[in-house]
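Have a look at the structure below before the remarks.
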Amino acid sequence: MGALRLTNIHKTYANGHQAVRGINIEIEKGEFLVLVGPSGCGKSTLLRTIAGLEAISEGEIHIAGQRVDTEAPAKRDIAMVFQNYALYPHMTVYKNMAYGLHNRGVDKQTIDQKVKHAAGLLKLTDYLHRKPSQLSGGQRQRVAMGRAIVRDPQAFLFDEPLSNLDAKLRVQMRNEIKTLQRSLGTTSVYVTHDQTEAMTLADRLAVVNAGVIEQMGSPMEIYERPQTVFVAGFIGSPAMNFLTGRLHNGRLEIGELSIVLQQPPRFDGEVIVGLRPEHLYRQAEHAFSLPFQIEVLEPLGADTLVWGHVSGVQETVVARLSRAYPADAPRTLTLYFNEAELHLFDAATEQRLS
Amino acid sequence: MLLKRVHFSGSPIPYIFIVPQLLIIAVFFFWPACQAVYLSFMLEDPWGLSSTFVWFENYQVLFSSAEYLSTTLFTLVYCALVVFFSLGLALLLAVKANSVIHGQSAYRLLLTWVYAVAPAVAGITAYFLFNRHIGVLFQWITQTGWAFAPETNAFDASVMLVLVSVWKQVPVNFVFFLAGLQGISKSLREAAQLDCASGFRRFWTITFPLLAPTAFFLMVINITYAFFDTFGLIDTLTQGRPGGATTTMVYKVFQDGFLGADLGLSSAQSVVLMVLVLLLTVFQFLFVERRVHY
Amino acid sequence: MQRASVFDHLILWAGVIFLLFPVWMLFASSTHSVENIVRDGLQFLPGGNGFEAYKTALTSASGFTDTATGLRMMMNSLIMGLGFAIGKIVISMCAAYALVYFRLPFATFWFWLIFSTLLLPLEVRIVPSYEVVSQLGLLNSYTGLILPLIASATATFYFQQFYKTVPDELLEAAQLDNANAWRFFKDILVPLSRTMMAAMFIIMFVVGWNQYLWPLMMTTEESYYTIVMGIKNILSVVREGRVPQYNVAFAMVMLAMLPPVAVVVFFQRWFIQGLVESEK
Ligand SMILES: Nc1ncnc2c1ncn2[C@@H]1O[C@H](COP(=O)(O)OP(=O)(O)OP(=O)(O)O)[C@@H](O)[C@H]1O
Ligand SMILES: [Mg+2]
């Protein structure tokens with residue numbers, strides 16, 4: 001039995017906009033699920049329906065076996081961390097954390113103990129008597145976490161909790177959240193559109209697009225076997241190269257290139273060929289070769305991004321070459337790739353082949 | 001009209017919260033306002049025993065009355081003068097206060113406290129200062145050779161009234177102009193300094209256009225003030241004397257309705273004022289609100 | 001640069017003197033004897049009588065009214081100022097809360113109903129208002145003095161605007177924290193509105209204290225006279241051809257303006273905020 005079960009969730013806003021269109025998820029106890037997707041795809045909406053801040057139009061929500069989709073938010077035993085933290089500006093850190101417990105009639109001593117414990121976990125002990133306005137961004141973020149932790153709820157819901165922090169702090173807080181969630185073992189649903197955050201945090205990742213889940217699985221599974229062109233393009237940075245090609249009797253034609261696949265999918269016709277930039281190599285030990293015309297070099301330090309064209313193919317192709325690539329090196333080179341790292345999609349349905 | 005994304009629902013609390021306000025405005029606003037409209041169509045007999053429905057007779061009497069016409073004219077002229085002088089003076093002071101570096105908050109204090117003086121108190125203060133027997137201002141004015149006689153001379157009385165009304169209204173305008181000036185960003189002022197050497201030109205081409213929304217808005221506030229809030233001032237300073245020459249439209253509502261006990265006529269005047277306020281509000285929406293965001 | 005600055009200060013001082021002069025004259029004269037004033041007119045400099053006139057004005061009925069002492073009238077003014085300010089703030093905060101945070105049936109209608117009161121000042125509907133209050137038997141009562149003045153939505157409008165700027169997430173967080181509608185109001189919205197309330201309070205207190213026409217019509221019993229309307233009796237003394245006790249009269253005028261002026265001066269920051277915000 002899952003800690004959190006969403007069955008066929010639909011959400012249509014009063015203005016007729018269908019933000020969520022049939023989502024099914026079952027989350028195990030203690031699991032960390034990340035919802036990732038482009039802006040406006042309905043991630044926040046889904047999270048808010050779980051919290052009860054939006055009513056669902058159709059479907060069922062079960063938390064710890066209880067059906068809760070008509071319950072008030074406070075009755076669902078979940079805690080939420082907001083993007084702008086939503087701390088009560090006039091209350092001290094202590095009161096911010098204690099407020100929810102106080103309203104649930106928890107006695108003073110227990111509240112005190114829980115708040116102090118959470119403050120200890122979050123290194124907030126010295127700040128308990130400050131107001132939110134006297135804290136740094138990272139500390140406010142921690143208070144928001146603390147407010148969730150003291151409640152010891154069935155599930156944590158996070159809506160882009162790190163997006164107001166600067167890059168460095170974001171990495172640090174990301175790790176803290178992960179460690180904390182591990183040690184508390186609380187089921188969590190986390191919304192983000194930052195894919196690094198998604199990949200690093202998630203036990204399981206759900207890629208959302210236009211109100212439906214395109215694919216759900218472990219981060220590596222999604223990276224290695226994206227089921228749709230959308231997922232393939234969304235996960236990975238820089239994004240996967242897509243080339244149009246034809247598959248005929250196990251022979252793949254891309255521009256002037258024609259290769260025979262060892263394990264071809266049973267398919268004849270137009271295909272979209274996906275190849276990640278990091279899966280284009282300079283070493284000849286890989287099976288297939290591509291003549292490549294360099295146009296732009298983007299040195300990243302350890303790696304170099306090389307932008308250019310493959311003869312006979314319209315789309316710009318990018319390759320991530322390890323180590324620096326000298327600027328005065330020849331402008332043409334041969335790149336190699338493997339069949340195993342090739343992603344083939346049906347051009348008509350954009351679904352993965354094989 | 002949804003103001004918030006999330007709402008409370010299924011609770012009797014909103015009714016408990018809104019009912020006091022609704023009750024009070026129903027009893028003390030809508031009932032009297034409707035009464036005013038109703039009474040404006042009625043004619044009471046002189047003893048107030050019976051009244052008859054007379055359609056627009058009260059309005060006809062009102063609009064054909066030379067006295068009401070002159071009251072209206074006086075009100076408009078008075079209003080224009082008060083608005084012009086109190087805005088002008090306040091703008092001058094605000095610009096100066098904004099440009100001095102030392103003592104800005106002291107000046108602000110010394111130039112705003114008059115806001116708290118009641119119009120009636122301002123009126124009686126002025127009454128003493130312009131008093132024929134003890135008033136210094138009266139003495140100074142007569143020393144210039146002006147045979148100042150506000151009790152009998154309509155012009156003199158009007159000058160006095162406008163002066164005191166301006167005195168009372170300068171602080172409010174000053175506060176708003178100063179706030180408006182301080183709202184103009186420093187970098188903008190510095191940019192203007194680079195572009196335009198003459199301070200005077202800079203004021204009229206940069207600062208003043210940016211203050212225009214404040215000025216428009218203050219104009220509405222000042223018109224309202226001159227119409228309605230000056231009641232106490234008039235009642236303590238001139239009571240409309242000499243011979244109704246300093247009676248404003250609002251003062252006349254009170255005179256006819258309360259002192260003259262002509263409820264129908266007074267109510268008709270109230271309705272005229274309601275229409276004027278309505279027009280002013282429409283004007284405000286059409287012009288001021290639009291000008292605020294440039 | 002230097003010369004311009006001196007010129008600026010000169011203009012500002014002229015403004016300060018323009019505003020201060022009349023009140024200073026009355027204050028200085030209030031410390032002179034009646035004889036002095038009658039003989040020499042208003043005085044620039046304080047005289048030798050000290051605050052005697054103030055004592056008379058506060059404690060005796062002083063010939064301007066028959067029974068109401070200055071103190072009594074000031075008490076009434078205080079009740080009026082406080083009652084008006086507190087009543088208005090409480091009622092408007094509640095109404096604005098209902099309008100902003102609930103899905104009321106006919107919400108738009110209520111909204112327009114309440115905000116249409118912004119259109120008509122009390123002065124315009126003064127005569128029928130008097131009739132209504134007298135029919136309700138509220139003449140000569142604090143209730144009758146205060147309630148009709150509260151019947152306008154200025155403060156409601158202001159609080160409504162303020163509530164709209166409160167982030168939605170605070171309500172959401174509070175809902176997750178098991179705060180019901182009442183708790184959210186009491187624990188979060190009201191504390192958040194504190195400075196706004198203070199600012200409103202200053203403005204409303206001044207407005208309430210300074211009421212003139214309404215108490216003038218409403219009160220016939222002297223025990224309900226407020227000091228601002230009470231000064232009218234000074235004029236009737238003059239009009240009857242008697243020589244008034246000028247110094248006591250001036251002291252009354254000073255007393256009538258002292259509390260609101262003091263409030264505005266001491267709470268300058270809130271006053272400015274309240275004025276700028278409330279008139280918006
Ligand atoms: N109250 C509402 N009424 C109508 N439409 C809404 C409402 N709230 C959100 N939407 C729409 O629903 C869609 C999904 O919104 P949602 O906030 O869930 O997006 P999101 O995936 O969280 O995006 P982001 O990454 O930008 O936060 C958007 O197109 C949005 O415009
Ligand atoms: Mg979102």
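Only heavy atoms go into these numbers, but all of them, side chains included; no hydrogens, no water, no symmetry mates. Each chain gets a letter, A, B and so on, in the order the sequences are listed, and its residues count up from 1.
- Applying the side-chain contact (heavy atoms from CB on, under 4.5 Å) criterion to C/Phe115, with sequence neighbours excluded, gives C/Leu99, C/Phe111, C/Leu118, C/Ala153, C/Thr156, C/Phe157, C/Gln160.
- Contacts between B/Thr125 and chain C at a heavy-atom distance below 4.5 Å involve backbone atoms as well as side-chain atoms.
- There is no contact between B/Val19 and chain C, counting heavy-atom distances below 4.5 Å.
- Note: B/Tyr115 and C/Phe271 meet the aromatic proximity criterion, with ring centroids under 6.0 Å apart.
- Among C/Pro148, C/Ala14, C/Ala256, the residue with the largest count of heavy-atom pairs under 4.5 Å with chain B is C/Pro148.
- Heavy atoms of B/Gln269 lying under 4.5 Å from chain C are absent altogether.
- Side-chain contact between C/Ile114 and B/Ile18 is present, with at least one heavy-atom pair separated by less than 4.5 Å.
- At a threshold of 4.5 Å between non-hydrogen side-chain atoms, the residues C/Trp182 and B/Phe17 count as touching.
- At distances below 3.5 Å, at least one donor-acceptor pair connects side-chain atoms of B/Trp167 with backbone N or O atoms of C/Phe18.
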Enumerate donor-acceptor pairs with a distance under 3.5 Å from any side-chain N or O in residues 29-37 of chain B to protein atoms, sequence neighbours excluded.
none

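- Heavy atoms of B/Leu89 lying under 4.5 Å from chain C belong exclusively to its side chain.
- For B/Leu22, the part lying near chain C is the side chain, with the backbone staying farther off; criterion is any non-hydrogen pair under 4.5 Å.
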Check: Please walk me through it: do B/Ile134 and C/Val38 pass side chain to side chain contact (heavy atoms under 4.5 Å, CB included)?
Finding: CA-CA 7 Å; B/Ile134 59 167; C/Val38 171; 5.6 Å; no
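- The two residues B/Val100 and C/Leu12 have their closest heavy-atom pair at CG1-CD1, 3.7 Å.
- When C/Ile126, C/Ile11, C/Val264 are compared by the number of non-hydrogen pairs under 4.5 Å with chain B, C/Ile11 comes out ahead.
- With a 4.5 Å cut-off on non-hydrogen atoms, B/Leu109 touches chain C through its backbone and its side chain both.
- Of the inter-residue distances, the one linking C/His9 atom NE2 with B/Ser99 atom OG reads 8.0 Å to the nearest 0.5 angstrom.
- Neither the backbone nor the side chain of C/Leu10 comes within less than 4.5 Å of any heavy atom of chain B.
- Of the atoms belonging to B/Ile16, not a single heavy atom falls under 4.5 Å from chain C.
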Next item on the list: Output, in order, the C-alpha distance, side-chain angles, deciding distance and verdict of side chain to side chain contact (heavy atoms under 4.5 Å, CB included) for B/Phe128 and C/Met25.
Entry: CA-CA 10 Å; B/Phe128 287 122; C/Met25 289 303 287; over 6 Å; no
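- Side chain of B/Asp235 to main chain of C/Leu213: no donor-acceptor pair is present (N/O by atom type, distance under 3.5 Å, no hydrogens or angles).
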Check: Step by step, would you call C/Gln268 with B/Trp113 a side chain to side chain contact (heavy atoms under 4.5 Å, CB included)?
Finding: CA-CA 9 Å; C/Gln268 176 80 183; B/Trp113 63 274; over 6 Å; no
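- Heavy atoms of B/Leu23 lying under 4.5 Å from chain C are absent altogether.
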Note to self: Show, in sequence, the C-alpha distance, side-chain angles and deciding distance for B/Phe138 and C/Leu42, and conclude whether the side chain to side chain contact (heavy atoms under 4.5 Å, CB included) test is met.
What the structure shows: CA-CA 11 Å; B/Phe138 181 84; C/Leu42 294 178; over 6 Å; no
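- Ring centroids of B/Trp140 and C/Phe21 are separated by less than 6.0 Å, placing the two rings close together.
- Counting only heavy atoms from C-beta outward, the side chains of C/Phe184 and B/Ile13 never approach each other to under 4.5 Å.
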